[in-house]
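Just so it is clear, the model here is predicted, and its values are computed rather than measured. Numbers here simply count residues along the sequence, with the first being 1.
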Amino acid sequence: MSILMKANENTPEGSPLVSVKDIVTKHWAKYGRHFYCRYDYEAVDSDAANEMMDLIRDSFVNGDCSAIPGDDSGIKLTGAEEFGYTDPVDGSQTSKQGLIMSFEYENGDTARAVFRLSGTGSAGATIRMYLEKYEKDESKHGEAAPAALKGLADRAIGLVKMQELTGRDSP
């Protein structure tokens, strides 16, 4: 609310007010936009889900990402890492919280796909894929996140062999 109040403090009475959309659009024009989206693959066979996570770990985190061939998307895998969590209160550490695959587009914009595995109980596992892409091209800032991230999603899903290993072709 204070941002809107500040943006509109000198707006003459009867004139249109500066909207949240106006503020966000101006921000994106200056700094670029980050698109985010999450795909949930629920009730995946636990063994298949673990096999996919192991493929990411073995091929990309512990492998040589520079050896990964390109494709028609122009989205290049530049690195991968496994992340953990350190509790800021008690200092306890939890490892194997997810796998991050870092990408770069031909224009230099960066992106990443994060894979996390949860719910590995009797009903199967849930694979969560989080996508993030930076976009500096102002003409693309108005796109819907799923459309802006489709190429990245397709590239990541193909590299991790989602359909081949889990039998799932959609979240």
Side-chain angles (χ1 to χ4, degrees), residues 20-21 24-25 27-85 94-121 123-171:
V20 171
K21 182 179 179 181
V24 169
T25 302
H27 178 86
W28 291 342
K30 184 173 183 177
Y31 299 106
R33 179 178 178 188
H34 280 87
F35 289 94
Y36 300 95
C37 196
R38 183 178 94 183
Y39 289 36
D40 290 347
Y41 294 85
E42 298 174 324
V44 175
D45 176 76
S46 294
D47 290 338
N50 281 306
E51 185 178 356
M52 190 200 78
M53 296 298 279
D54 288 341
L55 175 121
I56 298 169
R57 193 174 289 112
D58 296 341
S59 299
F60 309 126
V61 174
N62 299 323
D64 180 9
C65 290
S66 67
I68 306 302
D71 70 352
D72 293 339
S73 72
I75 304 169
K76 179 182 176 187
L77 179 65
T78 58
E81 63 184 300
E82 187 155 13
F83 68 93
Y85 174 76
T94 308
S95 61
K96 295 188 174 185
Q97 290 299 293
L99 300 160
I100 302 169
M101 297 173 67
S102 299
F103 296 90
E104 186 175 300
Y105 283 73
E106 291 175 317
N107 67 359
D109 286 350
T110 58
R112 67 183 178 168
V114 178
F115 290 88
R116 299 194 70 201
L117 188 58
S118 63
T120 53
T126 298
I127 299 169
R128 297 192 197 287
M129 179 177 71
Y130 300 86
L131 301 170
E132 175 188 1
K133 175 186 182 285
Y134 173 75
E135 181 60 65
K136 59 186 161 201
D137 181 349
E138 196 173 342
S139 71
K140 297 179 181 178
H141 290 171
E143 289 184 43
L149 295 166
K150 181 160 182 4
L152 176 62
D154 291 345
R155 180 71 166 134
I157 289 166
L159 285 170
V160 305
K161 301 181 180 179
M162 177 73 77
Q163 186 170 2
E164 182 181 322
L165 296 176
T166 69
R168 301 291 296 275
D169 63 357
S170 64

| message | Check the orientation of Tyr36 and His34. Use parallel for under 30°, tilted for 30 to 60°, and perpendicular for over 60°. | response | parallel

| task | To the nearest 0.5 angstrom, please state how far the CG atom of Leu149 sits from the CE atom of Met129. | result | 9.0 Å

| task | Taking all non-hydrogen atoms of both residues into account, name the closest pair between Leu152 and Ala111 and its distance. | result | CD2-CB, 3.8 Å

| remark: In short, Trp28 meets His141 closest at the heavy-atom pair O-CE1, 3.1 Å

| query | Heavy-atom distance under 4.5 Å between the side chains of Tyr41 and Thr126, does that happen here? | reply | no

| remark: What one should report as the nearest heavy-atom pair of Ser73 and Asp71 is OG-OD1, 2.5 Å

| task | Determine the minimum heavy-atom distance between Arg155 and Pro69, stating which atoms define it. | result | NH2-O, 3.0 Å

| said: Take a 6.0 Å sphere around NZ of Lys136 and say whether it holds more than 12 heavy atoms from other residues, nucleotides or ligands. | reply: yes

| If you measure from CD on Glu81 to CE on Met101, what distance do you get to the nearest 0.5 Å? | 12.0 Å

| Does Asp58 CG have over 12 foreign heavy atoms under 6.0 Å away? | yes

| task | Flag the pair Phe103 / Thr78 as yes when at least one side-chain heavy-atom distance between them is below 4.5 Å, and no otherwise. | result | no

| task | Check whether any side-chain heavy atom of Leu99 lies under 4.5 Å from a side-chain heavy atom of Val61, and answer yes or no. | result | yes

| query | So, for Asp40 and Pro171, which heavy atoms are closest and what is the spacing to 0.1 Å? | reply | O-CB, 3.3 Å

| field | Pairwise side-chain contact, Glu82 with Arg57, heavy-atom cut-off 4.5 Å (strictly under) | value | yes

| request: Report the distance from atom CD1 of Ile75 to atom CG of Leu159, rounding to the nearest 0.5 Å. | output: 9.5 Å

| Salt bridge or not for Arg33 and Glu135, using N-O below 4.0 Å? | no

| said: Any non-hydrogen side-chain atom of Glu104 less than 4.5 Å from a side-chain atom of Asp109? | reply: no

| Spatial distance of atom CG (Asn50) from atom CG (Leu55) [nearest 0.5 Å] | 12.5 Å

| Ile127 side chain reached by Met162 side chain, heavy atoms, under 4.5 Å | yes

| Measuring from Cys37:SG to Leu131:CG, what's the distance to the nearest 0.5 Å? | 6.0 Å

| message | Distance check, rounded to the nearest 0.5 Å: Leu117 atom CG versus Ser46 atom OG? | response | 7.5 Å

| field | Sub-4.5 Å side-chain heavy-atom contact between Tyr105 and Lys133 | value | yes

| query | Between Leu165 and Val160, what is the shortest heavy-atom contact and its length? | reply | CD1-O, 3.7 Å

| said: Apply side chain to side chain donor-acceptor pair (under 3.5 Å) to residues Arg116 and Gln97 and explain how you reach the verdict. | reply: CA-CA 7 Å; Arg116 299 194 70 201; Gln97 290 299 293; 3.1 Å; yes

| Taking C-beta and beyond as the side chain, do Glu132 and Phe35 meet within less than 4.5 Å on heavy atoms? | no

